[in-house]
Amino acid sequence: MLSIAVDRVYQVLAPDGKLVDTPPDLAPDRLLAAYRWMVFGRQFSDRMIALQRQGRMGTFAPLNGQEATAVGLALPLAPDDWIVASYREVLAYMMRGVLPLTIAQVHRGEVGIYPRQANCLPYQIVLGTQMLHAVGVAMGIKYERKPNVVLGVCGDGATSEGDFNEALNFAGVFKAPVVFVVQNNGWAISMPRSRQTAAHAIADRAAGFGMPGVVVDGNDVLAVYKVVAEAVARARAGEGPTLVEAQTYRLGAHTTADDPKKYRPEEELAEWVARDPIPRLRAYLIGQSLLNQAEDTHLHDGVRAEIQTMVDTLEALPPQDPLVLFDNVFETMPPALASQRDALRRDLGRE
Amino acid sequence: MLSIAVDRVYQVLAPDGKLVDTPPDLAPDRLLAAYRWMVFGRQFSDRMIALQRQGRMGTFAPLNGQEATAVGLALPLAPDDWIVASYREVLAYMMRGVLPLTIAQVHRGEVGIYPRQANCLPYQIVLGTQMLHAVGVAMGIKYERKPNVVLGVCGDGATSEGDFNEALNFAGVFKAPVVFVVQNNGWAISMPRSRQTAAHAIADRAAGFGMPGVVVDGNDVLAVYKVVAEAVARARAGEGPTLVEAQTYRLGAHTTADDPKKYRPEEELAEWVARDPIPRLRAYLIGQSLLNQAEDTHLHDGVRAEIQTMVDTLEALPPQDPLVLFDNVFETMPPALASQRDALRRDLGRE
Amino acid sequence: MPRWTMVEAIHNALSQELARDPRVLIFGEDVGKNGGVFRVTDGLQARFGEERVFDTPLAESGIVGTAVGMAAYGLRPVAEIQFAGFSFIAFNQIASQAARLRYRSGGVYTVPLVIRAPFGGGVRTPEMHSDSVEAYYMHLQGIKVVIPATPYDAKGLLHAAVDDPDPVLFLEHMKLYRSFRQDVPEERYVIPLGQANVVREGTDVTVIAYGAMVGVALAAAAEIEKGDGASVEVIDLRTIAPLDEAAIEASVGKTGRAVVVHEAARAGGVGAEVIAVINERCLYSLLKPVERVTCPDMPFPIPTVEDVFIPNPARVAAAIRRTLEP
Amino acid sequence: MPRWTMVEAIHNALSQELARDPRVLIFGEDVGKNGGVFRVTDGLQARFGEERVFDTPLAESGIVGTAVGMAAYGLRPVAEIQFAGFSFIAFNQIASQAARLRYRSGGVYTVPLVIRAPFGGGVRTPEMHSDSVEAYYMHLQGIKVVIPATPYDAKGLLHAAVDDPDPVLFLEHMKLYRSFRQDVPEERYVIPLGQANVVREGTDVTVIAYGAMVGVALAAAAEIEKGDGASVEVIDLRTIAPLDEAAIEASVGKTGRAVVVHEAARAGGVGAEVIAVINERCLYSLLKPVERVTCPDMPFPIPTVEDVFIPNPARVAAAIRRTLEP
Ligand SMILES: Cc1ncc(C[n+]2csc(CCOP(=O)(O)OP(=O)(O)O)c2C)c(N)n1
Ligand SMILES: Cc1ncc(C[n+]2csc(CCOP(=O)(O)OP(=O)(O)O)c2C)c(N)n1
Ligand SMILES: [Mg+2]
Ligand SMILES: [Mg+2]
């Protein structure tokens with residue numbers, strides 16, 4: 001069992017950045033790196049939204065408000081650990097080494113090539129399905145007696161899918177080294193969490209599959225880190241899976257195609273703006289004298305420049321080659337597909 | 001919440017037929033009817049197995065040992081209530097008015113016509129899927145403001161299917177008047193319950209979907225009756241679903257095609273033979289002077305005669321008409337199907 | 001007469017069905033307050049109440065499975081799968097349950113269920129949103145598959161689908177949702193399922209299509225008629241299953257040449273069945289091989305390049321020309 | 001050389017793969033101690049241990065979904081679905097996941113996964129156990145579909161499937177499991193995927209079949225040769241996807257007549273694609289419409305009458321005769 005109980009929302013930092021529990025043992029440079037990633041996620045998301053509005057980007061799922069969960073869950077991982085997640089967790093993927101440029105390419109509607117050593121499966125669109133892949137990777141790790149763990153990450157809505165539940169059950173039965181993290185951001189498009197399941201907490205699902213469940217303040221990066229780190233240690237030690245529910249909030253629209261005003265009370269948004277994870281960590285860092293105003297401005301500027309460079313690179317890329325798609329259906333192209341490719345090549349005048 | 005707690009296996013009758021808790025308020029004739037149904041189930045099952053061995057019956061799933069659960073769950077229902085169950089719960093179906101003859105026809109590989117007013121969906125082969133149908137029927141009942149309830153019944157193995165979990169979740173969210181009964185007979189073919197899920201009890205699944213869960217001794221018909229009756233009353237009163245785990249045991253093979261000796265310890269079987277639900281109820285009835293030896297023999301003989309008549313009727317039926325199948329694909333037969341039927345009719349020389 | 005987009009025509013059909021029959025319920029993901037991700041059910045919950053139009057938990061098997069139960073019970077569920085590609089999650093409930101309950105029960109229980117789902121390429125959606133899934137369901141027996149090509153058809157076919165005593169998969173091409181308007185009568189009318197529509201008469205070659213490909217076929221037909229002087233007949237199948245074999249035979253029997261167009265991959269697609277029907281019913285009239293214009297045999301292409309793959313008028317015209325070669 | 005049933009041949013192939021490559025894992029429902037409901041994996045757990053051969057919880061989507069993860073991780077899972085009809089529950093994991101990960105990841109991740117599943121009629125199983133599912137998977141792109149017709153082929157094709165770097169659905173016809181024995185070399189050999197086999201040479205008409213229908217086709221061919229004096233070529237497709245179009249063309253181009261046989265329903269079945277291939281590649285050689293001998297367009301028939309529906313030699317012979325009519 002975990003040292004952190006399920007019956008309350010675990011917190012380390014209050015919304016004003018004051019400590020309410022022991023902070024994790026994280027060196028200042030790691031704390032600052034975490035903060036920078038959170039800032040990076042926010043700016044990346046804002047920039048993607050802006051690009052989409054200008055017709056320079058495809059559909060994007062903003063991650064604003066959820067930076068603490070993404071960063072907190074990626075932070076405890078070792079280089080050979082894995083993350084298997086959905087479209088909303090791209091910030092965690094970037095921390096694993098998937099280039100922001102690649103993420104942007106995929107959102108723009110191109111093939112994105114992740115570095116294999118990032119150990120991230122392509123972000124998932126079909127809700128919940130990736131949780132079984134996470135368990136499968138973990139079963140592979142266990143079979144090979146490797147010391148690694150897998151984080152399977154999904155949203156609150158995805159927990160209603162059969163696959164989510166099957167994943168928990170397989171993980172429990174096989175004691176797979178996997179940690180399930182549910183990014184409960186309050187909404188699944190227009191469906192509030194309260195109507196997604198009648199359970200008190202999503203973490204209550206854990207007992208039914210024989211594993212511990214924990215609820216953590218998903219806007220408190222230190223709390224997320226501590227809970228996930230403990231669950232990861234447990235999995236690494238061969239003690240099996242854990243279900244972590246990170247309670248956070250989607251500050252923006254579901255995607256750039258969505259208008260939350262149609263279904264979401266304004267007051268709720270206001271409440272959560274007050275719990276924004278980035279000012280919270282900033283207040284803590286400033287309080288601990290790990291950051292000052294000038295450094296913060298500098299950090300923000302650095303992130304902005306980095307993202308601008310990424311966008312410039314993205315927009316200078318040659319357009320996606322349609323013929324490339326034919327190469328990735330099978331390792332060896334079947335004859336019918338080859339002749340379909342040849343026909344298209346002729347059609348495109350590229351013989 | 002239910003008055004009966006989840007943390008122990010609820011029992012009314014000890015294996016020796018002695019009362020260990022208050023018996024339900026069931027009139028003697030209903031108790032005797034319940035007993036007769038249990039005897040009927042056992043004899044029906046034995047006879048089907050024998051017929052199958054003689055090549056006169058198709059694959060059959062013996063229900064030996066599980067009679068108390070089947071009878072106990074059907075007993076509390078009102079005429080307009082529903083049962084939606086799998087191949088193992090045919091005894092409950094018979095109590096609802098599905099003829100044993102019809103059940104035997106289906107097992108023989110023919111179309112079986114259930115009386116519509118039995119409110120039983122055809123017994124399900126695809127494990128777990130029927131649990132969603134049960135919820136759908138219950139949602140229909142609720143929508144029409146009818147005072148009825150639905151029992152959704154499946155085995156312990158089926159609880160691992162995504163559909164089982166989705167059914168619980170939908171029922172919780174919509175407060176559907178449904179009671180889920182899991183016939184935990186210890187095994188899913190060769191898979192023991194202990195390896196089906198890491199959860200302590202299957203009923204532990206309930207909390208994760210916001211409903212009460214109860215574990216009941218599935219070989220104690222009075223206990224099953226009491227628990228299901230309370231859950232049914234709860235559902236009828238609009239208080240939503242309940243998950244009931246009835247712990248019972250499959251005394252026989254999984255089906256007539258299975259050999260449990262390959263995977264199941266003999267000692268375990270012996271333990272459960274000692275907890276046989278039929279002698280248990282018989283002992284209670286005798287103890288209460290509701291039954292004596294002569295009456296019991298007479299009851300058994302009556303059941304035997306009834307089953308013999310059923311078998312005679314079955315074997316005198318004309319063979320299944322293959323052309324009938326064409327009529328049940330759509331209400332109106334599409335032209336292609338009609339010409340396929342005509343071709344077959346010609347082939348069979350039946351123009 | 002109002003001029004409606006397909007979204008408006010479907011919305012109107014749904015609201016008329018809700019008003020007409022209390023057994024009709026509409027549910028799915030985000031169909032309630034949000035009015036559907038394409039606004040198809042906009043305002044229906046406000047008008048008909050949360051008991052008639054409601055959101056479900058996020059689970060496609062759950063949506064179809066509970067709908068099967070409701071339909072067997074006696075209601076007339078109209079369930080939405082947010083994108084047809086996600087119907088794969090519900091495939092078992094559709095295939096082994098919805099499509100089989102009549103058969104399994106010897107006709108005692110029926111499943112008068114409509115499953116609506118958007119699909120189709122050309123609108124740059126993320127993965128799995130654009131997939132054309134009709135061929136999987138065509139091979140399934142016990143379910144009808146309808147794909148309207150116009151707002152007018154969408155309304156008439158949807159009324160027919162809700163009327164139908166058996167399950168109907170109603171696939172709505174996203175590109176058609178708002179691409180054009182059409183005169184659509186406000187009153188309820190029914191276009192029978194299983195009947196194709198000759199949307200353009202011609203004598204030299206038949207183009208068979210459905211959904212968004214009907215417009216592509218018509219554009220190609222116009223181009224051919226203008227440029228090549230050949231007369232092109234265009235058939236909109238409207239219902240993929242059951243297939244209107246008689247309409248295919250009548251046309252190809254007359255023209256002797258045929259092109260079949262779909263967005264789905266070629267292997268095992270609807271085009272193959274259309275060719276098989278031509279083979280069986282009018283091979284001797286056939287002057288040239290039937291041409292298939294389809295997406296290649298690979299998963300649906302990614303957004304930036306999808307237009308390169310989706311059949312377009314030029315590619316269909318080229319195929320028509322091949323059938324017209326001497 | 002041992003004379004093996006198909007069960008024994010598959011068992012042998014599996015045990016050789018386990019011995020040869022530590023990345024090979026076998027799992028599914030009841031494949032461990034119980035050795036599979038058809039004894040295909042009998043004794044493998046005892047020999048290779050519970051880490052290599054193990055039972056899973058009862059959840060088909062879970063089986064395939066975890067297998068996808070294992071395969072992406074670098075293992076070589078061989079998963080069993082207890083009966084192919086239950087693969088519908090895993091349809092999404094197969095269709096949107098196993099078959100797409102290579103494509104989605106631009107080739108970074110691959111899914112060298114074999115899914116084995118028994119299917120097929122004539123053995124009087126309960127509902128959903130007998131369904132022929134190959135056509136659904138033929139239309140899916142990114143997965144191969146293999147259906148052996150003999151013990152020899154079963155072993156060689158299964159070795160090839162395990163070798164294959166992409167997902168393979170390996171469908172085993174239950175009626176063939178023990179219906180006959182054949183000389184099967186003990187040593188490992190590979191029959192390449194995607195290549196059909198001419199199992200009987202002939203000049204007048206081609207019968208195209210796979211699985212249990214190959215035997216039916218051969219019986220019909222013998223009957224025709226004897227009774228009608230016509231020379232019948234029989235092609236066993238062996239791999240349904242990708243389809244060996246060249247083999248079909250070579251044969252039908254020569255004979256000018258063709259019959260295609262399958263147990264699955266007609267509409268949208270493999271037969272339609274075979275006809276489309278003939279249409280595209282050798283229409284001008286075709287003398288008569290291609291005949292389809294299949295089950296009717298309805299769910300798989302119930303046990304007592306299934307034999308009436310499943311294509312038999314007489315019905316195939318009648319179809320051959322129709323193609324031979326002047
Ligand atoms: C299987 C499936 N069904 C439906 C959708 C359409 N859809 C995309 S996101 C979404 C809501 C997801 O909610 P949640 O799981 O809470 O994740 P969030 O978007 O809030 O991060 C829906 C319904 C999908 N992508 N996949
Ligand atoms: C979806 C599905 N998968 C597999 C099977 C094959 N099968 C039939 S019964 C069975 C075990 C069922 O166990 P349980 O749910 O405990 O029910 P029991 O037979 O013990 O009553 C299996 C695997 C099936 N019928 N349906
Ligand atoms: Mg969410
Ligand atoms: Mg069981």
Side-chain angles (χ1 to χ4, degrees), chain A residues 1 6-7 126-129 131-132 135 154 156-176 178 180 182 184 188 191-215 235 238-243 245, chain B residues 1 6-7 126-129 131-132 135 139 156-176 178 180 182 184 188 191-215 235 238-243 245:
Chain A
M1 279 291 135
V6 63
D7 54 346
V126 187
L127 295 161
T129 57
M131 303 308 264
L132 282 165
V135 177
C154 70
D156 46 314
T159 64
S160 294
E161 292 283 1
D163 275 7
F164 173 81
N165 297 285
E166 293 188 13
L168 263 60
N169 196 41
F170 271 65
V173 165
F174 294 111
K175 273 201 158 203
V178 58
F180 301 105
V182 175
N184 173 3
M191 177 67 111
R193 152 57 194 95
S194 58
R195 302 200 45 196
Q196 193 63 249
T197 172
H200 172 65
I202 287 170
D204 289 347
R205 209 65 72 74
F209 298 101
M211 69 185 73
V214 197
V215 185
E239 291 165 38
T242 304
L243 173 60
E245 173 183 354
Chain B
M1 279 291 137
V6 64
D7 54 346
V126 188
L127 294 162
T129 58
M131 303 308 263
L132 282 166
V135 177
M139 289 168 76
D156 47 313
T159 64
S160 294
E161 292 282 1
D163 275 6
F164 174 82
N165 297 286
E166 293 188 13
L168 262 59
N169 196 41
F170 271 65
V173 165
F174 293 112
K175 274 201 156 199
V178 59
F180 300 105
V182 175
N184 173 2
M191 177 66 112
R193 151 60 193 95
S194 59
R195 301 199 45 196
Q196 193 63 248
T197 172
H200 171 65
I202 288 171
D204 289 347
R205 210 64 73 74
F209 299 101
M211 70 184 73
V214 196
V215 185
E239 290 164 39
T242 305
L243 172 60
E245 173 184 356

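Each chain gets a letter, A, B and so on, in the order the sequences are listed, and its residues count up from 1. For the numbers below, each heavy atom of this structure counts, side chains included, while hydrogens, waters and symmetry mates do not.
Listed options B:Ser160, B:Gly172, B:Gly240 were ranked by heavy-atom pairs under 4.5 angstrom with chain A; first place goes to B:Ser160.
B:Ala199 approaches A:Gly208 most closely through the heavy-atom pair CB-O, 3.1 Å.
Rounded to the nearest 0.5 angstrom, A:Thr159 OG1 and B:Asn165 CG are separated by 11.0 Å.
Considering only residues two or more places apart in sequence or on other chains, A:Thr197 meets the side-chain hydrogen bond (donor to acceptor under 3.5 Å, both in side chains) condition with B:Asn169.
Screening residues 164-176 of chain B for salt bridge (charged side-chain N to carboxylate O under 4.0 Å, His left out) gives no qualifying pairs among residues at least two apart or on separate chains.
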